[in-house]
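In what follows, a single structure is set out as structure tokens and then discussed.
Everything quoted here is computed from the prediction, not taken from an experiment.
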Amino acid sequence: DISLQPDVSNTMSSFLQFGHVPGKLTYFDNTNYIEVQGFDLDTNWHNYHIVHYFTGPNAKKYDLYIDGVLRGDKLPWRTPFTSPLTRVRIQTNARETTLPPMEPGEEHDWGEVDNIVVVAMPLDVTPFAAPVTTTQLGQGVVYKRYTHADLFGSKQNIFVTDINLNDPSVGIKFPNSNGTPRTVPTHASNVASAVAAVNGQFYNTSTFNSIQYLKVNGTLVNPTDNGADQQAIIDDGLGTPNSIRMLQKPAPGWGSVAAANIMASGPYLFENGIKWTAYDPLDTTFVPVRHPRTAAAWTFDNHLLLVVVDGRSSASAGMTIPELQDYIDHLGWIKFSTNYDGGGSATMWTSTSGVVNVPSDGSPRGVANAIAITAAPVATPVTPTGVVGVEGQSQFSLSWQVSSGATSYEIRRSTSSSGPFSLIGTTGNNWFTDTTVSPGTTYYYVLIAKNSAGQSIASTPLGTGTSDAI
């Protein structure tokens, strides 16, 4: 995520100043402003690439590349910044000459800064292998099955339901048994419009009640607030793109969270993109041993991933917690992720195929509760709207609002607003960068949303300028 806002806290991981020293780019080393050597500011476009280190021997340092050349090697974070996220301050003074001290009432005549384009460059995320099955279950919900003949030195079968929380169609429910064991398919049958479901929390095998914090539709089902190493899927019930998300357990406990729906579990796997590794060193049966697993992950681009791993069989060995982390890390840009009940409980159900995995008990086990996903039936996606563009050096970046039901988008381009428009790329995201533009040429772009039901009408053409900045 990129957030552009006034910075008055003076806490950041990196601090770059354009023109603090005339004609130079400088960084702050917590004491002095240091000139970046071998580079002078000019009137041309330049690419500034900052790489932050969170862990390891270079923790709390960053590298600065300018036009692909390393100009700042392992520069220090500004103290006392400690967040697991980065926070970059960019300050533009752009003064052309050294200025004398100001007299009372005087103002300096600062130089002009024309354009700064800030672009998020997501890390490339590639699954260990392509899914062998992909099925759209509803608007914004896609099921994928992965089969690996040799992953982590063993056979593995993994099942993923990918929920695009930006899609207004999707919803989530936490059906619970109130002490009566029910299989995941039975839980799902009690949820209208359910298209997918997995087992939920750990539970007491005698009473079949959850042993973790659970709130459903504003009613506290289980107040147990055990363990600091937890996260939860929460839903405030308001039906906005931010209603469903994952949350790290706050210090005051889950009771301090106002959301109407909270399903907590642990141990958590990722916090703000960082793998959690502080597991109990005395544990010899849960974290370091392969088991069937169920987990949830929330990505930086607002997708919820429900993951089930088969195990305890010759067809699929199961995973340790570190192996599960590594696998989930290859499924998307993970922000939060937590473990739910696994073992013989690990079950995934879809509306098109029923139980899709092979539970280690041989059949679905009765469980205390489940995570059920709802969505509208698959239909042709709507035409993309809210299309905007940003010109850069030899490129043009597009972004747009998510089209309900879309699983991919075609990007088409022409040098005329009336076409014809030629395909230049496809993406599963709601952004795309065209790096094949020519300076001085005006281009027009249209977008087409696609899914298993068909494709939308093309969006209204968006034109670029004719500036040589393209």
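- Under the side chain to side chain contact (heavy atoms under 4.5 Å, CB included) rule, I371 has a single partner from I233, L304, V184, N199, which is I233.
- Not a single donor-acceptor pair under 3.5 Å links the side chain of S265 to the backbone N or O of Q201.
- A donor-acceptor contact under 3.5 angstrom links the side chains of S243 and D236, judged on distance only.
- Residues F270 and I328 meet the side-chain proximity criterion, which asks for heavy atoms closer than 4.5 Å.
- Judged by distance alone, the side chain of Y143 and the main-chain N or O of S351 form no donor-acceptor pair under 3.5 Å.
- Taking CG from D329 and CD1 from I334, the interatomic distance works out to 6.5 Å, rounded to the nearest 0.5 Å.
- Neither side chain, Y48 nor D67, offers a donor N or O lying under 3.5 Å from an acceptor on the other.
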- Derivation and outcome, side-chain contact (heavy atoms from CB on, under 4.5 Å), residues N164 and V402: CA-CA 9 Å; N164 185 349; V402 169; 3.8 Å; yes
- Item | Criterion side-chain contact (heavy atoms from CB on, under 4.5 Å) on R245 and K335, from CA distance to verdict | CA-CA 10 Å; R245 57 194 186 278; K335 185 173 185 177; over 6 Å; no
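- Within 6.0 Å of atom NZ in K173, 12 or fewer heavy atoms from other residues, nucleotides or ligands are found, so the atom counts as exposed in its surroundings.
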- Derivation of the side-chain contact (heavy atoms from CB on, under 4.5 Å) call for D162 and H303: CA-CA 7 Å; D162 183 338; H303 283 234; 2.7 Å; yes
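- To the nearest 0.5 angstrom, E410 atom CD is 11.0 Å from I424 atom CD1.
- Among all heavy-atom pairs drawn from L137 and V378, the shortest one is C-CG2, 3.9 Å.
- Of the possible polar contacts, none joining the R413 side chain to the Y443 backbone as a donor-acceptor pair under 3.5 Å is found.
- D73 has its side chain within reach of D63: a pair of non-hydrogen atoms, C-beta onward, lies under 4.5 Å apart.
- Rounding to the nearest 0.5 angstrom, the gap separating the CZ atom in F152 from the CG atom in L324 is 8.5 Å.
- Annotation for A296 and Y340: closest pair CB-CE1, 3.8 Å, computed over non-hydrogen atoms.
- Nearest approach of N429 to T427, heavy atoms of both residues: N-OG1, 3.0 Å.
- Here the two rings, on Y409 and W400, have centers that are under 6.0 Å apart.
- Side chains of T134 and R145: a donor-acceptor N/O pair is absent below 3.5 angstrom, by distance only.
- Looking only at distances, a side-chain donor or acceptor of S414 sits under 3.5 Å from a matching main-chain atom of P420.
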- side-chain contact (heavy atoms from CB on, under 4.5 Å) between E323 and L151, worked out: CA-CA 10 Å; E323 289 170 345; L151 178 64; over 6 Å; no
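- With hydrogens and angles disregarded, a donor-acceptor distance shorter than 3.5 Å links the side chain of Q231 to the backbone of S337.
- Classified by interplanar angle (parallel below 30°, tilted 30° to 60°, perpendicular above 60°), the ring pair H49/Y65 is tilted.
- Side-chain contact between I448 and T383 is absent, with no heavy-atom pair separated by less than 4.5 Å.
- Between the side chains of S154 and Q156, a donor-acceptor pair is found at a separation under 3.5 Å.
- Using modelled atom types, one finds a donor on one side chain and an acceptor on the other under 3.5 Å when comparing S452 with Q136.
- Listed here is the closest heavy atom pair of F336 and N272: CE2-N, 3.4 Å.
- Relative orientation of the Y327 and F128 rings is parallel, given thresholds of 30° and 60° on the angle between their planes.
- Side chains of D167 and S404: a donor-acceptor N/O pair is present below 3.5 angstrom, by distance only.
- With hydrogens and angles left out, the side-chain atoms of W276 and Q325 include no donor and acceptor closer than 3.5 Å.
- Residues L214 and N369 form a side-chain contact, since some pair of their non-hydrogen atoms from C-beta on lies under 4.5 Å apart.
- Within a 6.0 Å radius of CG in L70, more than 12 heavy atoms belonging to other residues, nucleotides or ligands are found.
- Nearest heavy-atom pair across I50 and L64 is CG1-CD1, 4.0 Å.
- Residues I411 and L447 meet the side-chain proximity criterion, which asks for heavy atoms closer than 4.5 Å.
- Ring-centre distance between Y146 and H330: not below the 6.0 Å cut-off.
- For an aromatic pair to be called close, the ring centres must be under 6.0 Å apart, and F396 with F432 fails this.
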- Could you walk me through whether N242 and T240 pass the side chain to side chain donor-acceptor pair (under 3.5 Å) test, one step at a time? CA-CA 5 Å; N242 297 317; T240 71; 5.1 Å; no
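- With T26 contributing its side chain and E35 its backbone, the two residues share no donor-acceptor pair below 3.5 Å.
- The residues D326 and K275 are annotated as salt-bridged, a charged nitrogen and a carboxylate oxygen being separated by less than 4.0 angstrom.
- Annotation: side chain of H148 is in contact with side chain of I158 (closest heavy-atom distance under 4.5 Å).
- The line from NZ of K249 to CG of D229 is 8.5 Å long, rounded to the nearest 0.5 Å.
- Using modelled atom types and a 3.5 Å distance limit, the side chains of T433 and S397 yield a donor-acceptor pair.
- Using modelled atom types, one finds a donor on one side chain and an acceptor on the other under 3.5 Å when comparing T299 with D301.
- For the pair Y268 and Q230, the minimum side-chain heavy-atom distance is 4.5 Å or more.
- Here the straight-line distance linking atom OH of Y444 with atom OG1 of T415 works out to 9.0 Å at 0.5 Å rounding.
- We find the OG1-CD distance between T407 and Q139 to be 9.5 Å, quoted to the nearest 0.5 Å.
- Judged by distance alone, the side chain of D235 and the main-chain N or O of G237 form a donor-acceptor pair under 3.5 Å.
- Classification of K155 and D150 as a salt-bridged pair fails, no side-chain N sitting under 4.0 Å from a carboxylate O.
- A pairwise comparison of heavy atoms in R412 and L423 identifies NH1-N, 3.7 Å as the closest pair.
- Side-chain contact between F159 and T350 is absent, with no heavy atoms from C-beta onward closer than 4.5 Å.
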